[in-house]
Amino acid sequence: MFKRTKFNDTLLNWYQANKRQLPWRETSDPFKIWLSEVMLQQTQVITVIPYFEKFITKYKDLDALANADEEALLKDWEGLGYYNRIRNFHHAVKEVQEKYDSKVPSKPEEFFSLKGVGPYIGGAVQSIAFNNQLAAVDGNVLRVMTRLNRDNRDTTKVSVQKDIKNFIESDMPLEAGDFNQALMELGATICTPRTPKCVVCPVREHCEAFKKGEVMNYPVKKKAKKKAEYYYNVFFILNDKNEVLLFKQEGDLLKGMYELPRFDVDTSLESIEEKYGLSLSQPSDAIGEHKHVFTHKIWFMEGYVVRTTDQHENFISLDKVRDLPMSVAMQKMFKMIDGL
DNA sequence: TATCCGTGGTA
DNA sequence: TTACCAAGGAT
């Protein structure tokens, strides 16, 4: 273990002199700080910035977002991924509106009970917005701490993350929010995964891995599973008014987003006709193909055009399609029929 | 606890 | 190309 007191001071001083100007650092509004942390979950700063600006412009305060329609929020979130984040945030914000008079709870136990608030977001918001003495342990912090301590435990384990959180909180500086952000900032800009800039690291004298020349050995984590591959035919089912058949996605993946009919490649046209109660023309030749990579799976999609003269309540004019929340996978499919 | 959730960037 | 990673949480 390294000497925490001196380390804390050195890191805080480095942070004050080197911190990046980020939009969410220009506000003290707990609602906006919370929103930024939800967006930043598993998402890079550079990606989040334009979405954060759009949201705080469109939703000025907690009530504005609480009163918004879920579909409008999903549309604004479109392209950011992990769509349950905004659905959970919407749910949580409505709970704050009802139970806490639209004021973000400054009591950790109340805040942690809200949907989508886990150890990281809870610690981050409570420390940054209310200066509660809690750690915010993200991937940056895990990397920094395991290098400092030559901690070779598997950081994908929640138990290890929890232990590191406790270690940080055992000697938390008074400026808890700044300290959490300092640890993350160090990880994001100096103590990076592939090419850490140890030569300019303000705390390298405290770093056991640096002293041993083993920085690249940390963090230790279990290898990711290979992605499962799925092969689909995706259908543009068009009626005589040139409207397209579209459905709101159910299940876990992309829940709430709209999608074209998507079937395993060996699905017969007859079973599709039966499912929708439509009489369909023979599919066109494939109009394009697209590979889409998710965290745990890969979709290989091939697009086809099919015609029908039958009625169905899910036909939507192509003009209105762009107003619906749509995953990037489906956006790429729709580019195949531009000009059709 | 292990697995599932999006998307874009990098070496 | 492949694998990894990014201010993680729910189940």
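Chain A is the first sequence line, chain B the second, and so forth, proteins listed ahead of strands; every chain is numbered from 1.
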Expressed in angstrom and rounded to an integer, what is the separation of A/M257 atom CE from B/dG6 atom C1'?
-> 9 Å
Taking the same atom, C1', in C/dA6 and in B/dG6, what whole-Å distance lies between them?
-> 12 Å
P gap between B/dG8 and C/dA10, integer Å | 24 Å
Whole-Å distance between B/dC5 P and A/L254 CG?
-> 9 Å
Lys NZ or Arg CZ of A/R4 over A/F167 ring: under 6.0 Å, within 45° | yes
Report yes if some heavy atom in the side chain of A/R307 is under 4.5 Å from a heavy atom in the side chain of A/N242; otherwise report no.
-> yes
Honestly curious: do A/V199 and A/L148 fall in one hydrophobic cluster under the side-chain, below-4.5 Å linking rule?
-> yes
Quick one: label A/K255 by what it contacts on the DNA or RNA (base, sugar-phosphate, nothing), any heavy atom closer than 4.0 Å.
-> nothing
Looking at every strand, decide which applies to A/T47 at a 4.0 Å heavy-atom threshold: base, sugar-phosphate, or nothing.
-> nothing
Side-chain donor-acceptor contact under 3.5 Å, A/S279 with A/D310 | no
Among B/dT1, C/dA7, B/dG6, the one nearest any side-chain atom of A/T295 is B/dG6
Under a 4.0 Å heavy-atom cut-off, which of residues 112-121 of chain A touch DNA chain C?
-> A/K115, A/G116, A/V117, A/G118, A/P119, A/Y120, A/I121
May I ask you to check whether A/Y51 and A/W77 place their ring centres under 6.0 Å from each other?
-> no
Go through B/dT1, B/dG8, C/dG8 for me and flag the one nearest to the A/V328 side chain.
-> B/dG8
Can you check whether A/H292 has a side-chain N or O nearer than 4.0 Å to OP1 or OP2 of B/dG6?
-> no
Tell me which nucleotide among B/dT3, B/dG8, B/dT1 gets nearest to the side chain of A/K225.
-> B/dT3
If only side-chain N and O atoms of A/K297 are considered, is one of them under 4.0 Å from the OP1 or OP2 phosphate oxygen of B/dC5?
-> yes
Roughly how many Å is it from CZ in A/R87 to P in B/dG6, rounded to a whole number?
-> 10 Å
Figure out the CG/P separation between A/L40 and C/dA6, and round it to whole Å.
-> 13 Å
Name the atoms and distances for all side-chain donor-acceptor pairs under 3.5 Å in residues 78-89 of chain A, with sequence neighbours left out.
residue	atom	partner	partner atom	Å
A/E78	OE1	A/K75	NZ	3.3
A/E78	OE1	A/Q331	NE2	3.4
A/E78	OE2	A/K75	NZ	2.9
A/E78	OE2	A/M326	N	2.8
A/Y82	OH	A/T295	OG1	3.4
A/Y83	OH	A/G79	N	3.0
A/N84	OD1	A/R87	NE	2.8
A/R85	NE	A/Y82	O	3.3
A/R85	NH1	A/V38	O	3.1
A/R85	NH1	A/M39	O	2.8
A/R85	NH1	A/Q41	O	2.9
A/R85	NH1	A/T43	OG1	3.1
A/R85	NH2	A/L80	O	3.1
A/R85	NH2	A/G81	O	3.0
A/R87	NH1	A/E70	OE2	2.8
A/N88	ND2	A/N84	O	3.3

All N/O contacts under 3.5 Å from nucleotides 3-5 of chain C to the protein, with atom names and distances to one decimal?
residue	atom	partner	partner atom	Å
C/dC4	O2	A/R194	NH2	3.0

A/S327 near the nucleic acid: base, sugar-phosphate alone, or nothing, with a heavy-atom cut-off under 4.0 Å?
-> sugar-phosphate
Check the pair A/L246 / A/L260 against side chain to side chain contact (heavy atoms under 4.5 Å, CB included), numbers first and verdict last.
-> CA-CA 5 Å; A/L246 216 54; A/L260 294 158; 3.7 Å; yes
Atom-pair distance (CG on A/L80; C1' on B/dC5), nearest Å | 13 Å
Side chains of A/I237 and A/P261: does their closest heavy-atom pair fall under 4.5 Å?
-> yes
side-chain hydrogen bond (donor to acceptor under 3.5 Å, both in side chains) pairs, two or more places apart, involving residues 158-169 of chain A = A/R153-A/D163, A/K165-A/E169
May I ask you to check whether A/F334 and A/F236 place their ring centres under 6.0 Å from each other?
-> yes
Would you mind classifying the nucleic acid contact of A/W24 as base, sugar-phosphate or nothing, using non-hydrogen atoms under 4.0 angstrom?
-> base
Got a list of side-chain donor-acceptor pairs under 3.5 Å for residues 110-119 of chain A, not counting sequence neighbours?
residue	atom	partner	partner atom	Å
A/S113	OG	A/E110	O	2.7

Please work out if A/G187 contacts a base, only the sugar-phosphate, or nothing of the nucleic acid, heavy-atom cut-off 4.0 Å.
-> nothing
Whole-Å distance separating the CZ atom of A/R85 from the P atom of B/dC4 | 19 Å
Rounding to the closest angstrom, what is the interatomic distance between C/dC5 and B/dC5 at atom C1'?
-> 16 Å
A/R20 side chain near A/R25 side chain, heavy-atom distance below 4.5 Å = yes
With respect to the phosphate group of C/dA7, does any side-chain polar atom (N or O) of A/N140 fall under 4.0 Å of OP1 or OP2?
-> yes
With C1' as the reference atom in both, quote the distance from C/dG9 to B/dT1 in angstrom, rounded to an integer.
-> 14 Å
A/D138 side chain: which of B/dC5, C/dG8, B/dG6 is closest?
-> C/dG8
A/L74 CG to B/dG6 P: how many Å, rounded?
-> 10 Å
Among the candidates B/dC5, C/dG9, C/dA7, find the nucleotide nearest to the side-chain atoms of A/Y82.
-> B/dC5
Near-ring test A/H312/A/F247, centroid separation under 6.0 angstrom = yes
Give the rounded distance in Å between these two atoms: CD of A/Q249 and P of B/dC4.
-> 17 Å
Of the residues in residues 10-22 of chain A, which ones touch DNA chain C at a heavy-atom distance under 4.0 Å?
-> A/R20, A/L22
